[in-house]
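Because only heavy atoms are used, hydrogens play no part in the values below, and waters and symmetry mates are left out as well, while side chains stay in.
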Protein chains: 2
Amino acid sequence: MALEHAILVSLDERAGTGYELARRFDRSIGFFWAATHQQIYRTLKRMVDLGWVTCHEEAGTGRPDRKVYEPADAGRAELTRWLAEPGEPETIRHELAVKVRGASLGDVAAVVAEVARHRGLHAERLDAYRALGARDFPDPSGLTGRRLHQHLVLRGGVRAEQALVEWCDEVLAALREDTRR
Amino acid sequence: MALEHAILVSLDERAGTGYELARRFDRSIGFFWAATHQQIYRTLKRMVDLGWVTCHEEAGTGRPDRKVYEPADAGRAELTRWLAEPGEPETIRHELAVKVRGASLGDVAAVVAEVARHRGLHAERLDAYRALGARDFPDPSGLTGRRLHQHLVLRGGVRAEQALVEWCDEVLAALREDTRR
DNA sequence: AGATTCATGTAAAAGGTTACATGATTTC
DNA sequence: GAAATCATGTAACCTTTTACATGAATCT
């Protein structure tokens, strides 16, 4: 139940519409918390009911009215409460690992191909994160406060993707070696 | 929608009851695919309807009848099909990263404490995986086939937990340094 | 005697995905 | 003129989580 909280963090960085939030969830914040626009619209509505955000409509010139959301005091209080609350470590759902574990029951070569494909996707993400880091944080050593926090999260993404690329490489080497015998 | 497939992989390693599967999902297979007993019971029912598993009841001496499940040919065919099918890389839901990113909006010290707690949990898991590896795969270099695949998945768990421990350490060092100023 | 394990399930609520629907504005 | 972008939403469906419920067997 942290979509609300991810939205509050994002809105605190800058107020915006549901549509804009959905785009942010496709990029920065979405790298570690995914959400679709339908989820976001529904959640924003609930958050207005809870008094966590305020919404002021800007009558559109023809387009649907823009509904710009901003965090309210109750929302900031809720965030503060949640930040201090202990949470569970993430529940992992690693589909590719299930495939590797089941490889001997199907076509091992097909699983090798799938691992190779994922290796490529993770390497791409790793590059994207590194490019983002180089662009937005050219001198990471001097960061403080919010900018430091943003950078640390990006570092987490880099580490996660790096670990995945290395694991894929280990799997590929081992499975290819095993096939050769 | 891979719970069915994770169950098929597990049942292929050994037939068992829903209850036994739930216990396996608390251990080995659950390290990379979590599931509760309710999910498993419901999914097993659906899988019987689909003809993917067969179920024979053993009348219990007093206890509820044991329903032992085994993969059927249609289930093995489905697994083979699924193994070759391309899948998406995992959608990440990293609650702790949201907290780090939002740290400046609440009590940074509380977030530091939470990161330290997670650091401990991930270090524990890492130890558990390493112990499992040492016990079940004392000589990893000579593995082939299914045993190799199982070992590779465990290696993925080790790498993931290692990356998380290191990230937590980086975050802790940076946040403590920042607080000191 | 009390706790834990084995073994099954129902039901409600919450959360997430997919498909459909609309319509103006801006860019190619 | 077509495609993409901005901007909102409804509805149906599927999946997941949480709480409740039962009861024998075994272990401490």
task: Decide whether A:His122 and A:Gln162 meet the rule of one side-chain donor and one side-chain acceptor closer than 3.5 Å.
output: no

- request: Using side-chain contact (heavy atoms from CB on, under 4.5 Å) as the criterion, list what pairs up with B:Glu13, not counting sequence neighbours.
  value: A:Arg101, B:Val9, B:Arg146, B:Gln150

field: Side-chain N or O of B:Tyr19 closer than 4.0 Å to phosphate OP1/OP2 of C:dC6
entry: yes

task: Determine: side-chain N/O of B:Lys45 to OP1/OP2 of C:dT10, distance under 4.0 Å, yes or no.
output: yes

task: Measure the distance from CZ on B:Arg27 to C1' on C:dT5 and round it to the nearest whole Å.
output: 12 Å

query: Is there a side-chain polar atom (N or O) of B:Tyr41 under 4.0 Å from OP1 or OP2 of C:dG9?
result: no

- prompt: In whole Å, what is the span from the NE2 atom of A:His56 to the P atom of D:dA7?
  reply: 13 Å

message: Under a 3.5 Å cutoff, is there a donor and acceptor pairing between the side chains of B:Arg24 and B:Ser10?
response: yes

- request: Round to the nearest Å and state the distance from A:Gln38 atom CD to D:dA11 atom C1'.
  value: 11 Å

task: Figure out the CD1/C1' separation between A:Ile7 and C:dG15, and round it to whole Å.
output: 13 Å

field: Under 4.5 Å side-chain linkage, directly or through intermediates, the cluster mates of A:Tyr41
entry: A:Tyr19

message: Of the options C:dT8, C:dT18, D:dG9, whose atoms approach the side-chain atoms of A:Thr36 most closely?
response: C:dT18

- line: Result for 5'-nearest mapping on DNA chain C, choosing between B:Arg93 and B:Val68, is B:Val68

query: Starting at the 5' end of DNA chain C, which residue's closest nucleotide do you reach first, B:Arg42 or B:His37?
result: B:His37

Length of the line joining B:Leu21:CG and C:dT8:P, which is rounded to integer Å: 9 Å

field: Gap between atoms CD1 and P, on B:Ile40 and D:dT15 respectively (whole Å)
entry: 15 Å

task: Would you tell me if any nitrogen or oxygen in the side chain of B:Gln39 comes within less than 4.0 Å of OP1 or OP2 on D:dT15?
output: no

message: Tell me the interatomic distance from A:Glu4, atom CD, to C:dA14, atom P, rounded to whole angstroms.
response: 12 Å

query: Rounded to whole angstroms, how far apart are CZ on A:Arg66 and C1' on D:dT8?
result: 12 Å

Given D:dA7, D:dC20, C:dA7, the nucleotide with the shortest approach to the side chain of B:Glu20: C:dA7

- prompt: Does any donor atom in the side chain of B:Ser141 or B:Asp139 lie under 3.5 Å from an acceptor atom in the other side chain?
  reply: yes

